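Each remark here refers to the structure printed beneath this line.
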Amino acid sequence: MGALGTDVAAGVAAVRARIATAAQQAGRAVGDVRLVAVSKTHPPAVVEAALAAGVTDFGENRVAELVDKAAAVASDGTLPRWHHIGRLQSRKARDVVGVAALIHSVDRASLADELDKRAAAAGVTQQVLVQVNVGDDPAKAGCALDETPALVAYASARDNLDVVGLMTMPPLPPVGTDPNAAARPLFARLRELRDGLHPAFPKVRELSMGMSADLEAAVAEGATMVRVGSAIFGARGDGPWQPGEPR
Ligand SMILES: *Cc1c(COP(=O)(O)O)cnc(C)c1O
């Protein structure tokens with residue numbers, strides 16, 4: 001294993017240990033929390049090092065970068081699983097459907113329509129999450145808390161979409177505050193929302209919440225997937241990785 005492999009394996013191990021500790025403290029099984037390693041800006045070799053360290057799921061927030069990297073990374077046909085985790089423009093829906101195993105950021109009916117149309121054309125059922133702006137933060141995407149049930153119902157009624165859960169990204173905590181403490185009530189709110197929807201929408205089970213700074217609070221509140229970048233891979237580059245750049 002080269003230096004890159006050693007660094008990435010150490011980052012993966014450190015984050016897995018944090019997840020395990022948080023799960024244990026919450027009385028949860030560590031296997032109930034999936035690690036989505038956020039590889040945005042990092043080259044394919046970094047993804048391959050994480051795959052070698054046992055990571056199965058990778059998150060990207062730009063469609064072109066996701067598609068290029070998915071093509072560049074050695075795959076066994078089922079792994080890695082790619083996740084689209086950021087704001088998604090409707091005109092990019094065509095490119096991401098069927099490539100991403102899970103799209104985390106459905107925040108409006110028009111995007112659900114577009115994804116449904118593209119999934120139908122591709123002959124796939126696309127799994128999605130509805131993104132909720134639990135902190136009511138103008139800087140964050142996501143539908144409002146009180147609009148979530150209607151959007152979940154709408155997207156769930158599309159023939160080619162499966163709504164399997166909810167996602168959120170809390171506001172940046174004020175400087176000097178503990179990110180876990182700031183995020184925890186918001187993560188609790190997402191869990192309560194999911195619990196309220198689950199009886200009517202039994203497929204809605206997943207909670208995608210928690211990042212490098214606040215994954216402990218997310219696991220404590222029931223996250224089924226955490227999206228972790230910098231705590232695994234270190235600081236990000238300035239822009240997307242592009243084909244032709246070093247792997
Ligand atoms: C970049 C990103 C993450 C990962 O953030 P880190 O702080 O590096 O762990 C998680 N979720 C989304 C939606 C992101 O864009």
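What you are looking at is a predicted structure, and each value in this text was computed from that prediction instead of being measured. Both ligands and their constituent atoms are indexed starting at 1 by order of listing.
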Does the separation of the ring centres of H104 and H84 fall below 6.0 angstrom?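 Not close enough - the centres of the two rings lie 6.0 Å or further apart.
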Does a side-chain heavy-atom distance below 4.5 Å link N160 with V124?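 A side-chain contact is absent here, since even the closest heavy-atom pair is not under 4.5 Å.
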Using side-chain contact (heavy atoms from CB on, under 4.5 Å) as the criterion, list what pairs up with P185, not counting sequence neighbours.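 Partners of P185 by the side-chain contact (heavy atoms from CB on, under 4.5 Å) criterion come out as none, since no residue qualifies.
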ring-ring contact (aromatic ring centres under 6.0 Å, His included) involving W82 - partner list, sequence neighbours excluded: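 W82: ring-ring contact (aromatic ring centres under 6.0 Å, His included) contacts with F58.
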Identify, chain by chain and in numerical order, each protein residue with a heavy atom under 4.0 Å from an atom of ligand 1.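 Heavy-atom contacts below 4.0 Å: V38, K40, I85, M167, M169, M211, S212, R227, V228, G229, S230, R236.
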Salt bridge (Lys or Arg N to Asp or Glu O under 4.0 Å) partners for R28, two or more places apart: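 Salt bridge (Lys or Arg N to Asp or Glu O under 4.0 Å) check on R28 returns nothing, list empty.
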Please determine, by modelled atom types, if T78 and D76 share a side-chain donor-acceptor pair under 3.5 angstrom.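 The criterion, which ignores hydrogens and geometry beyond distance, is satisfied for D76 and T78.
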